[in-house]
Asker: 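Following this message is one structure expressed as structure tokens.
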Amino acid sequence: MPVDTLRAEIARALHSLGVEDAGEIVLERPRNPDHGDWATNVALQLAKPLRKAPRQIAEELVDLLDVQRAGVSAAEIAGPGFINFRLAAEEVQGRLLEIAEADAAFGRSDAGRGEAVNVEFVSANPTGPLHIGHGRQAALGDAISSLLAWTGWKVQREYYYNDAGEQINRLARSTWARYQQEQGREVDFPEDGYQGDYVTDIARELAAAEGDRWADDDSPEALEAMRRFAVRVLMTELERDLDTFRVEFDEFYLESSLYEEGHVESTISRLRESGLVYEKDGALWLRTTEYGDDKDRVMVKSTGHPTYFLPDVAYHVTKWERGFHRAINVQGADHHGTIARVRAGLRALGHPEGYPEYVLHQMVLVIRGGAEVKFSKRAGDYVTLRELFDEVGVDVARYFFLMRRPEAQLTFDLDLALDQSDKNPVYKVQYAHARMCSIARKGGVELDAVDPASADLSLLERDSEIGLIKEIARFPEVIEEAAAQRAPHSVCAYLESLAGMINSWYHEGNDDPSLRVIGVEDDLMRARMVLVRAIRIVLRNGLAVLGVSAPERMEREQAIETAEAAA
RNA sequence: GCGCCAGUAGCUCAGCUGGAUAGAGCAACGGCCUUCUAAGCCGUAGGUCCCAGGUUCGAGUCCUGGCUGGCGCGCCA
């Protein structure tokens, strides 16, 4: 990496200046391109310890720098004492070789060193269809997982099924009531039941499969049959929706297995050993305040039933025991209240502070024509994920869910999502990719076979071309940063800005055909085609990380070509 | 009342964990169709970074105190 050689050279120069320990030498990319490709503030930071003016330090430093050895073409002092470095054109053009060489792996790195990380997300109870909040979470969890995989982590995508709790009982009672109603019986629907039409659908399916055998039957067996049937139907539906949404899990972890395999019991006894457990009012409590929680928490109610808290702790213990010493939970921000207690429970068992890590995301607001869309035909009181992606498509839905920081509320604008122009950021990026493919197609070139070594890359000398190469060469850093921050939205921002640069460069050929890729002399075309290939690689890889497709042609374009062929 | 998250252009949002003149898209205004795709491109305008203090060479970014909005504070899950 050119940055490292530059940093090493600065360190050497500092050493000759008599600076033994300059701390970490910070090299950053200036926002303003006039300030070069890299800049350092060492002179500013050394002003105080050296008791010298920053600009004077900068001058002495630049005199001692071997520009060539640093791999740059110029070092300039600017502003209050920044030193700006400019990369030589050959250095920039040479990056195209790396990009083409790495191809589908360009952007991968190994910060994670193969270490295991568990990413838990969605984890919706099988009590109803997925809603748009789950959609955001599915997209986020999947993209964060991909980012981690791209940066060298061994990732397990995990879904935690709460198939054992009170909510499932509510589902069973709701299904029972709908079933009886289907059988023509007059029964009251439970007050806390699930109101959506889907429960009636399930009851009908059950009636179709098993007839009237449960009519008037309010025995535990009947309720159990309802429970099992409804959960199976809903799990099948959830997994089908997630599959369509292109989210695959490595593990569906069942809450019920925590009881069956004794993890809940063993967690209680291990917590007792911590000395932080006590009884009060007939319930069993854990002194979570010991580890920073607001108040102590009940583990086992006076009824003898555990609260949600206990299996949650037991579950995270299994994560650790299964080898995941790093775990990331993607959750809705409305669940943030559980974080302190779960971590406290885990610390009581000796797990490190800050385990697991959380990515909390805010709610999703769906807007059409400027007004909020709230209701769903099927679920009643919310918009389902399936309704959303059936309408806008999986690519658009995934991208929209990812393009904002998780902790910012997301406004999902259906009008924008359905727009097929560059106003829609998804199309803007996909279009840029399709455009690169289109150039190659029109030029009769197999893009993946374009060989940078056989082209004269020094012909790529326009500002727009140099700028583009610098930008696509930056892609691995973008991925690394996004992974470290658990921030897929920064990949979106990068791709959109890159697509803008690509469009500008492309359209330079509108007025001046000599600036096009096709129709210019062979050497020039070969060099520019290398750039086209490299751009295509970065767009494709970037979209792949987000789980969004990179079409070789856009639908609209296909329609036009089909029409032309017919005429 | 306490806790978490947010507050940046008319709107939706970035801002690389403290850097140089705060950016993008949409909307607005002006220009460009004989194209490697005009569902596009180029340009212009638009700001009390919620407020008040503090930290330092330097603050949208950090610390304190307020204000506004969302969410959460159960022997619910």
Side-chain angles (χ1 to χ4, degrees), chain A residues 26 28-32 34-35 39 41 44-45 47-48 53-54 78-82 84 125 127 162 165-170 192 280-285 294-295 297-309 312 332-340 360-363 365 367 370 403-411 413 416 419-425 427-428 431 434-436 438-443 474 477-478 481-482 484-485 487 489-490 492-494 496-497 500 503-504 506-511 513 515-520 525 528 532 553-554 556-557 560-561:
Chain A
V26 177
E28 57 176 20
R29 297 176 180 281
R31 277 197 272 245
N32 185 338
D34 291 344
H35 296 148
N41 62 353
L44 290 148
Q45 295 196 316
K48 193 171 242 184
F82 289 100
N84 297 333
N125 297 344
T127 55
N162 295 113
E166 178 52 29
Q167 305 219 16
I168 298 295
N169 296 335
R170 273 166 61 189
D192 63 349
K280 194 180 85 179
D281 304 330
L284 200 62
W285 297 67
D294 293 352
K295 49 188 97 170
R297 304 293 170 176
V298 170
M299 301 190 298
V300 182
K301 301 186 244 180
S302 52
T303 60
H305 292 99
T307 61
Y308 184 82
F309 166 56
D312 219 11
D334 52 339
H335 287 94
H336 79 260
T338 63
I339 296 174
L360 298 179
H361 65 87
Q362 290 291 336
M363 303 294 103
L365 199 66
I367 297 282
M403 69 184 178
R404 303 292 179 226
R405 300 154 64 214
E407 57 270 28
Q409 184 174 292
L410 176 71
T411 304
D413 184 339
L416 181 61
D419 187 297
Q420 298 209 356
S421 75
D422 275 7
K423 287 177 197 165
N424 183 336
Y427 285 104
K428 181 175 179 177
Y431 206 117
R435 180 169 274 163
M436 296 305 102
S438 163
I439 291 174
R441 209 159 45 232
K442 295 232 160 115
R474 195 168 76 83
E477 294 164 44
V478 172
E481 179 71 13
Q485 303 295 322
H489 75 277
S490 55
C492 298
Y494 167 79
E496 285 165 45
S497 133
N503 285 338
S504 300
Y506 174 87
H507 284 286
E508 285 171 23
N510 279 1
D511 300 329
L515 300 179
R516 295 178 192 173
V517 178
I518 301 172
V520 296
M525 172 176 133
R528 288 178 182 164
V532 169
R553 57 182 78 199
M554 300 300 278
R556 186 179 66 83
E557 178 193 19
I560 291 168
E561 287 183 9

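Within every chain, numbering begins at 1; the chains are lettered A, B, ... in the order of the sequence lines, protein sequences first and strands thereafter. Hydrogens, waters and symmetry mates play no part in the numbers below; they use all other heavy atoms, side chains included.
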Asker: Say you pick atom P in B:G31 and the same atom in B:C71; how far apart are they, in whole Å?
Answerer: 47 Å

Asker: Could you pull out all residues at least two apart from A:R404 that satisfy salt bridge (charged side-chain N to carboxylate O under 4.0 Å, His left out)?
Answerer: none

Asker: Test of understanding: with salt bridge (charged side-chain N to carboxylate O under 4.0 Å, His left out), list the residues that count as partners of A:E407, not counting sequence neighbours.
Answerer: A:R405

Asker: Please list, for nucleotides 25-32 of chain B, all pairs of protein and nucleotide N/O atoms separated by less than 3.5 Å.
Answerer:
unit_1	atom_1	unit_2	atom_2	d
B:A27	OP1	A:K423	NZ	3.2

Asker: Go through the structure and list residues passing side-chain hydrogen bond (donor to acceptor under 3.5 Å, both in side chains) with A:E496, not counting sequence neighbours.
Answerer: A:Y399

Asker: Can you give one letter per nucleotide of nucleotides 70-77 of chain B, 5' to 3': B if a protein heavy atom sits under 4.0 Å from the base, S if only from the sugar-phosphate, - if neither?
Answerer: -BSSSBSB

Asker: Checking A:E508 now: which residues fulfil side-chain hydrogen bond (donor to acceptor under 3.5 Å, both in side chains) with it, not counting sequence neighbours?
Answerer: A:R462, A:S464

Asker: Can you tell me, in whole Å, how much space there is between the C1' of B:U61 and that of B:A14?
Answerer: 13 Å

Asker: Return whichever of A:S421 or A:G509 has its heavy-atom-nearest nucleotide of RNA chain B closer to the 5' end.
Answerer: A:G509

Asker: Say we look at B:C5 and B:C41: how far apart would their P atoms be, to the nearest angstrom?
Answerer: 38 Å

Asker: Who pairs with A:H507 by side-chain hydrogen bond (donor to acceptor under 3.5 Å, both in side chains), at least two apart in sequence or on another chain?
Answerer: A:N510

Asker: Where does B:U17 fall, syn or anti, if syn means a chi angle no more than 90° from 0?
Answerer: syn

Asker: Starting at the 5' end of nucleotides 15-22 of chain B, put B wherever the base has a protein heavy atom under 4.0 Å, S where only the sugar-phosphate does, and a dash everywhere else.
Answerer: SBB-BB--

Asker: When the C1' atoms of B:C32 and B:G23 are compared, how many Å lie between them, rounded to an integer?
Answerer: 26 Å

Asker: For atom C1', what is the distance between B:C73 and B:A9, given to the nearest Å?
Answerer: 37 Å

Asker: If you take atom types as modelled and just measure distance, does the side chain of A:Y431 reach the base of B:U37 with a donor-acceptor pair under 3.5 Å?
Answerer: yes

Asker: Considering only nitrogen or oxygen atoms on both sides, find all protein atoms under 3.5 Å from nucleotides 44-46 of chain B and state each distance.
Answerer:
none

Asker: Go through the structure and list residues passing side chain to side chain contact (heavy atoms under 4.5 Å, CB included) with A:S421, not counting sequence neighbours.
Answerer: A:D419, A:K423

Asker: Just to verify, what does A:D294 make a side-chain hydrogen bond (donor to acceptor under 3.5 Å, both in side chains) with, not counting sequence neighbours?
Answerer: none

Asker: Taking atom C1' in both B:A27 and B:C11, compute the distance separating them and give it to the nearest angstrom.
Answerer: 7 Å

Asker: Take atom P in B:G66 and the same atom in B:C2, then report the distance between them in whole Å.
Answerer: 8 Å

Asker: Measuring only the P atom in each nucleotide, how far is B:A45 from B:C62? A whole number of Å is fine.
Answerer: 31 Å

Asker: Identify, with sequence neighbours excluded, every residue that meets side chain to side chain contact (heavy atoms under 4.5 Å, CB included) alongside A:R29.
Answerer: A:W38, A:R474, A:E477

